[in-house]
Amino acid sequence: MSRDRVPPGQKVTTRFPVLHEGSVPPIDLSRWDLVVDGAVKNSLKFTWEEFRSLPSVKVVSDFHCVTGWSRFDNEWEGVRFSEIAKMCEPRPEAISVLINAEGGYTTSLPLTELLDDDVLLALSFNGAPLETDHGGPLRLVVPKKYAYKSAKWVRKITFMTKHELGYWEARGYSDGADPWKEERYSR
Ligand SMILES: Nc1nc2c(c(=O)[nH]1)N[C@H]1C(S)=C(S)[C@@H](COP(=O)(O)O)O[C@H]1N2
Ligand SMILES: [Mo]
């Protein structure tokens, strides 16, 4: 295992811990939808059937939780965030994106960072539909950031003209969240 693959202060695990605030939301796929709105030319709303027929890709990436564990070689399959951006056409003034999950959890990222090729709205993990515990049916995966940016149970994506802090970011965690710079806490 190459050491330079482990960000500073992290320990590698082969387990897949389940970690979140609150409880796992009940999911009814017949009522599920994903809304894309805000500073976009085309607001979008997908049913589950519609979303899962979008073009999808597989990305293998590492996952780093701010509490200190890292899990390598996770195979996520899903829709690239950039694919959604292509469809909704963000207005020039959209600089940031607020991700809303079931149950009130939020996170946010600068739009440019979400357009990276490895950022997915993931429906499957290691070849199987994403388990509810891990954010199924749909979670965001942002490999370059601590995992609190990888919101589970995503239901709404709002393009913003101003950056708004997410749930943990408003509670003392770093908004930059770069594991390689060990940006754990805001100061
Ligand atoms: N909706 C939601 N997403 C969330 C969280 C949460 O509390 N709620 N916690 C985050 C944190 S801190 C981590 S480490 C990862 C954990 O993902 P896992 O349970 O699949 O390992 O989910 C992230 N996404
Ligand atoms: Mo985390």
Side-chain angles (χ1 to χ4, degrees), residues 5-29 31-36 46 48 51 58-79 81 84 96-110 113-114 116 118-158 164-186:
R5 219 176 137 182
V6 188
Q10 295 291 108
K11 276 212 172 100
V12 175
T13 179
T14 53
R15 300 185 315 115
F16 195 4
V18 169
L19 205 67
H20 50 258
E21 285 283 282
S23 49
V24 177
I27 310 285
D28 175 354
L29 286 182
R31 284 160 176 249
W32 184 94
D33 59 16
L34 178 75
V35 169
V36 179
F46 301 94
W48 177 246
F51 192 84
K58 284 181 186 167
V59 173
V60 176
S61 58
D62 299 344
F63 196 72
H64 311 292
C65 172
V66 72
T67 62
W69 54 270
S70 290
R71 192 183 197 282
F72 284 175
D73 294 322
N74 307 290
E75 189 197 270
W76 303 101
E77 182 168 5
V79 180
F81 187 90
I84 300 297
S96 173
V97 180
L98 184 64
I99 308 290
N100 290 268
E102 232 40 91
Y105 186 83
T106 58
T107 189
S108 60
L109 285 135
E113 297 186 337
L114 285 169
D116 282 359
D118 59 358
V119 175
L120 294 190
L121 288 156
L123 307 83
S124 110
F125 173 78
N126 287 358
L130 186 57
E131 285 172 35
T132 313
D133 276 359
H134 287 298
L138 187 70
R139 85 176 296 166
L140 182 67
V141 178
V142 188
K144 293 188 185 80
K145 302 288 182 175
Y146 284 123
Y148 55 87
K149 297 281 185 183
S150 292
K152 309 201 268 193
W153 312 301
V154 172
R155 290 294 298 275
K156 189 152 81 101
I157 297 172
T158 304
E164 193 172 296
L165 292 178
Y167 180 89
W168 280 124
E169 296 89 331
R171 288 167 178 76
Y173 285 89
S174 164
D175 192 36
D178 183 341
W180 299 99
K181 297 187 189 153
E182 225 178 335
E183 293 173 339
R184 294 180 196 271
Y185 310 106
S186 51

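First listed ligand is number 1; within each ligand, the first listed atom is number 1. Count residues from 1 along the sequence. As the structure is a computational prediction, the values presented were derived from the model and not from experiment.
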message: Contact between Leu109 and Leu140 at the side-chain level, heavy atoms closer than 4.5 Å - yes or no?
response: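 Side-chain contact under 4.5 Å: yes.
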
query: Are Val36 and Phe46 side-chain neighbours, meaning at least one heavy-atom pair lies under 4.5 Å?
result: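 Sidechains of Phe46 and Val36: in contact.
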
Salt bridge present between [X] and [Y] (N-O < 4.0 angstrom):
X	Y	answer
Asp73	Arg5	yes
Glu169	Lys149	yes
Lys144	Asp116	yes

Within-cut-off N or O pair, [X] and ligand 1, under 3.5 Å:
X	result
Trp153	no
Ser150	yes
Lys152	yes
Glu21	yes

- prompt: Is the closest heavy-atom distance from Tyr173 to ligand 1 below 4.0 Å?
  reply: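 For ligand 1, residue contact (heavy atoms, under 4.0 Å) with Tyr173 is absent.
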
Would you kindly specify which portion of [X] sits under 4.0 Å from ligand 1, judged on non-hydrogen atoms: side chain, backbone, both or neither?
X	value
Arg139	side chain
Phe16	side chain
Ala147	both

Enumerate the atoms of ligand 1 whose separation from the nearest heavy atom of [X] is less than 4.0 angstrom.
X	answer
Ala151	3 (N), 24 (N)
Val18	19 (O)
Ala101	1 (N)
Cys65	14 (S)
Pro17	18 (P), 19 (O), 21 (O)
Tyr148	10 (C), 11 (C), 12 (S)

Nearest neighbour in protein (non-hydrogen) for atom 5 (C) of ligand 1: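 Answer, as residue, atom name and distance: Tyr105 CZ, 3.7 Å.
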
task: Look at atom 9 (N) of ligand 1 and say which protein heavy atom is nearest, naming residue and atom and giving the distance to 0.1 Å.
output: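 I find the closest protein heavy atom is Leu19 O, 3.6 Å.
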
query: Nearest non-hydrogen atom to atom 18 (P) of ligand 1 belongs to which of His20, His134, Glu131?
result: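 It is His134 that holds the nearest heavy atom.
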
field: Geometric cation-pi criterion, Arg71 with Phe16: 6.0 Å, 45°
entry: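 Verdict for Phe16: a cation-pi partner in Arg71.
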
message: Under 6.0 Å from the ring centre and within 45 degrees of the ring axis: does the NZ or CZ of Arg171 meet both conditions for the six-membered ring of Tyr173?
response: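 Pair Arg171/Tyr173 does not count as cation-pi.
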
message: Between Arg139 (side chain only) and Val154 (backbone N and O only), is there a donor and an acceptor less than 3.5 Å apart?
response: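 It does not hold such a pair.
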
- prompt: Between Glu21 and Tyr167, do the side chains contain an N or O donor and an N or O acceptor separated by less than 3.5 Å?
  reply: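 Looking only at side-chain atoms, Tyr167 and Glu21 do form a donor-acceptor pair, the distance falling under 3.5 Å.
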
task: Measure up the Trp48 and Trp32 rings against each other and bin them: parallel (under 30°), tilted (30 to 60°), perpendicular (over 60°).
output: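 Judged by the thresholds at 30° and 60°, the geometry between Trp48 and Trp32 is perpendicular.
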
field: Nearest non-hydrogen partners of Leu121 and Phe51, listed with the distance
entry: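 So the two residues come closest at CB-CZ, 4.0 Å.
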
